[in-house]
Enquirer: 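Structure provided below as structure tokens; questions to follow.
First the proteins, then the strands, lettered A, B, ... as listed; each starts at 1.
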2 protein chains.
Amino acid sequence: MIRKDLTPAMEDYLKGAYLLRERGEDITVLALAEALKVTPPSVTGMVKRLAGLGLIEHTPYRLIELTPAGTAVALEIVRHHRLLELYLAEFLGMAWDEVHSEADRLEHHISEDLEERIAERLGQPAIDPHGDPIPARDLTLPERDLVRLSALRPGVQATIARVSNQEPGLLHYLGTLGMVPGAVVTFVEVAPYGNVVTVKVGAGKGAVHSIAGEVASRVLTMPTSDEVAAPH
Amino acid sequence: MIRKDLTPAMEDYLKGAYLLRERGEDITVLALAEALKVTPPSVTGMVKRLAGLGLIEHTPYRLIELTPAGTAVALEIVRHHRLLELYLAEFLGMAWDEVHSEADRLEHHISEDLEERIAERLGQPAIDPHGDPIPARDLTLPERDLVRLSALRPGVQATIARVSNQEPGLLHYLGTLGMVPGAVVTFVEVAPYGNVVTVKVGAGKGAVHSIAGEVASRVLTMPTSDEVAAPH
DNA sequence: CTAGAAAATTAGGTAAGCTTAACTTCGGTA
DNA sequence: TACCGAAGTTAAGCTTACCTAATTTTCTAG
């Protein structure tokens, strides 16, 4: 394996591409531009350079794909990011809505040695504070199949496993509702009109809250009842 | 106080200038170029830009000085650096010869919030693993007057307080001799020819080691006997 | 008080990474 | 099938931060 010497910007593009694919979305110029908050021409230019390095596969006007080498780089950065998030939460008391932006900056600058020391202190963890999986040292990923909160049937109880969103405001809000990874929720209903989901939060007689459908689709759960997902 | 938005490169120049002054050296273009491992024209260019921002005082061909604003920025970075060094050593088990390069990269990327959390975990420390003073939150510096190991009189006992050097190789070597901050040494002699200093390391009957004069001048001590410094 | 070396600066150039403006290509619908 | 809008690309240009080569300034020693 050749030692890659990539800039933070390059790492960001690779990570961005990886995260799009992780969410099941196509890697397009526009999607990357939005994810990285740059303009489309910037993406075209960087994609060309990364393709030249063998990290990205791209024919003009077609979809972008990460090569295995590019995926490896992205996983390394994602590992840094999620280890840092967990470390900052666990050992430095940062809230789950604060850790993302800090990790976003530090992820490009920690050495392999520090990465390993952090992983060791955390006991080689598999999940970060948002429930996102942490790639292992060999860059393999723990796999779980989760169900979107918005896709549960009424009456089904589930444990929140992952919240796929990084906006501090939204995360903070979900925190105030108690809707964090590990929390137990029961699906109540979908509003007949509009896109609103109502859930009960807590194991026994918990509080009932309504959240927007787009938010509920970012909350991934492990259902505890048998009949689980609503049809379609 | 206006929010400064400086690049890591700019911060490095300001820190470099500050550290030269801390060592009592003149801030020249050449000295900065060597400290930052860039060429003199790079320094001239950056100095011009930092002068434009009011962080540096400079008339062409004259010595460079930091303004109070520039000093404040430098102290902030030095605080980050030394807090990180201590944190990495204390909480992540890194050796004193490894922490410097890690801190050098991270110092530009930690938030004020993280800085404060780290300082808190460490108990608002005043000294880093090399014995270098850590600027306080208000950027004031704890002052100690120390004596170079190379300037002690024969027979004087002293505690090593600070080692002003960052080369991992040298630091590691001094570590193997037990010559680290906190260690007690007794000055034995200066070799009659050449520039070699001999000391006994340890409180009771310690091992005797000889080190180069340039190294001994980087080791700063708090003498415990009364008659302390050699004349001249 | 002047020559020459050392230090600093200017001139000119490169690369990364971004921008806006102008264009091409693609794909779906009339 | 031809067109039109959206997506992508090319073109031109900016800033940061570096470089080498050439020039200028300063200081010191004779």
Enquirer: Just by modelled atom types, is the B/Pro133 backbone N or O under 3.5 Å from a matching donor or acceptor in the B/Arg82 side chain?
Expert: yes
Enquirer: Atom CG of A/Leu63 to atom C1' of D/dA7: distance rounded to whole Å?
Expert: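 Computing the A/Leu63:CG to D/dA7:C1' distance gives 11 Å.
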Enquirer: Tell me the interatomic distance from A/Arg49, atom CZ, to D/dT9, atom C1', rounded to whole angstroms.
Expert: 16 Å
Enquirer: Using a strict heavy-atom distance below 4.0 Å, which residues from residues 7-28 of chain B are in contact with DNA chain C?
Expert: B/Thr28
Enquirer: Within the 4.5 Å heavy-atom criterion, are A/Ile77 and A/Met10 side-chain neighbours or not?
Expert: no
Enquirer: Between A/Lys48 and D/dT10, is there a side-chain N or O to OP1/OP2 distance below 4.0 Å?
Expert: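 Yes, A/Lys48 has a side-chain N/O under 4.0 Å of OP1/OP2 on D/dT10.
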Enquirer: Would you call A/Glu98-B/Arg117 a salt bridge at under 4.0 Å N-O?
Expert: yes
Enquirer: Is A/Lys37 salt-bridged to A/Glu34, going by a charged N under 4.0 Å from an acidic O?
Expert: no
Enquirer: Go through the side-chain N and O atoms of B/Ser111 and B/Asp113 and say whether any donor and acceptor fall under 3.5 Å apart.
Expert: no
Enquirer: Taking atom CZ as the centre, does A/Arg137 end up with more than 12 heavy-atom neighbours from other residues, nucleotides or ligands that are less than 6.0 angstrom away?
Expert: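 Count not over threshold, so no.
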Enquirer: Counting neighbours of CZ on B/Arg148 that are heavy atoms of other residues, nucleotides or ligands and sit closer than 6.0 Å, is the number greater than 12?
Expert: no
Enquirer: Tell me which residues in residues 40-47 of chain A lie within less than 4.0 Å of DNA chain C, going by non-hydrogen atoms.
Expert: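 Output list: A/Pro41, A/Ser42, A/Met46.
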Enquirer: How many Å lie between NE2 on B/His58 and P on D/dT26, as a whole number?
Expert: 11 Å
Enquirer: Roughly how far, to the nearest 0.5 Å, is CG of B/Leu106 from CG of B/Leu84?
Expert: 5.5 Å
Enquirer: Pairs under 3.5 angstrom only: tabulate donor-acceptor contacts from the side chains of residues 43-64 of chain A to other protein residues two or more places apart or in another chain.
Expert:
from	atom 1	to	atom 2	distance (Å)
A/Thr44	OG1	A/Pro40	O	3.4
A/His58	NE2	A/Arg62	O	3.2

Enquirer: Testing the 3.5 Å rule here: is there a donor-acceptor pair between the side chains of B/His108 and B/Asp12?
Expert: yes
Enquirer: How bent is the helix from C/dC1-D/dG30 to C/dA30-D/dT1, comparing axes over its five end pairs at each side, to the nearest 10°?
Expert: 20°
Enquirer: Check whether the side chains of A/Asp26 and A/Thr28 place a donor and an acceptor atom closer than 3.5 Å, and report yes or no.
Expert: no
Enquirer: Return the value, rounded to whole Å, for the distance between atom CG of A/Leu30 and atom P of D/dA6.
Expert: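 Checked: the CG to P distance equals 11 Å.
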Enquirer: Could you give the CZ-to-P distance, from B/Arg62 to D/dT25, as a whole number of Å?
Expert: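 Nearest whole value for this atom pair: 13 Å.
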Enquirer: Hey, what's the ring geometry for B/His130 with B/His100, parallel, tilted or perpendicular (30° and 60° as the breaks)?
Expert: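 Aromatic pair B/His130/B/His100 classed perpendicular.
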Enquirer: Atom CG of A/Leu32 to atom P of D/dG8: distance rounded to whole Å?
Expert: 10 Å
Enquirer: Going 5' to 3' along DNA chain C, which nucleotides are the first and last within contact of chain A (any atom under 4.0 Å from a heavy atom)?
Expert: C/dA16 to C/dG27
Enquirer: Taking salt bridge (Lys or Arg N to Asp or Glu O under 4.0 Å) as the test, write out the residues that go with B/Glu90, two or more places apart.
Expert: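 Scan of B/Glu90 (salt bridge (Lys or Arg N to Asp or Glu O under 4.0 Å), adjacent residues dropped) gives none.
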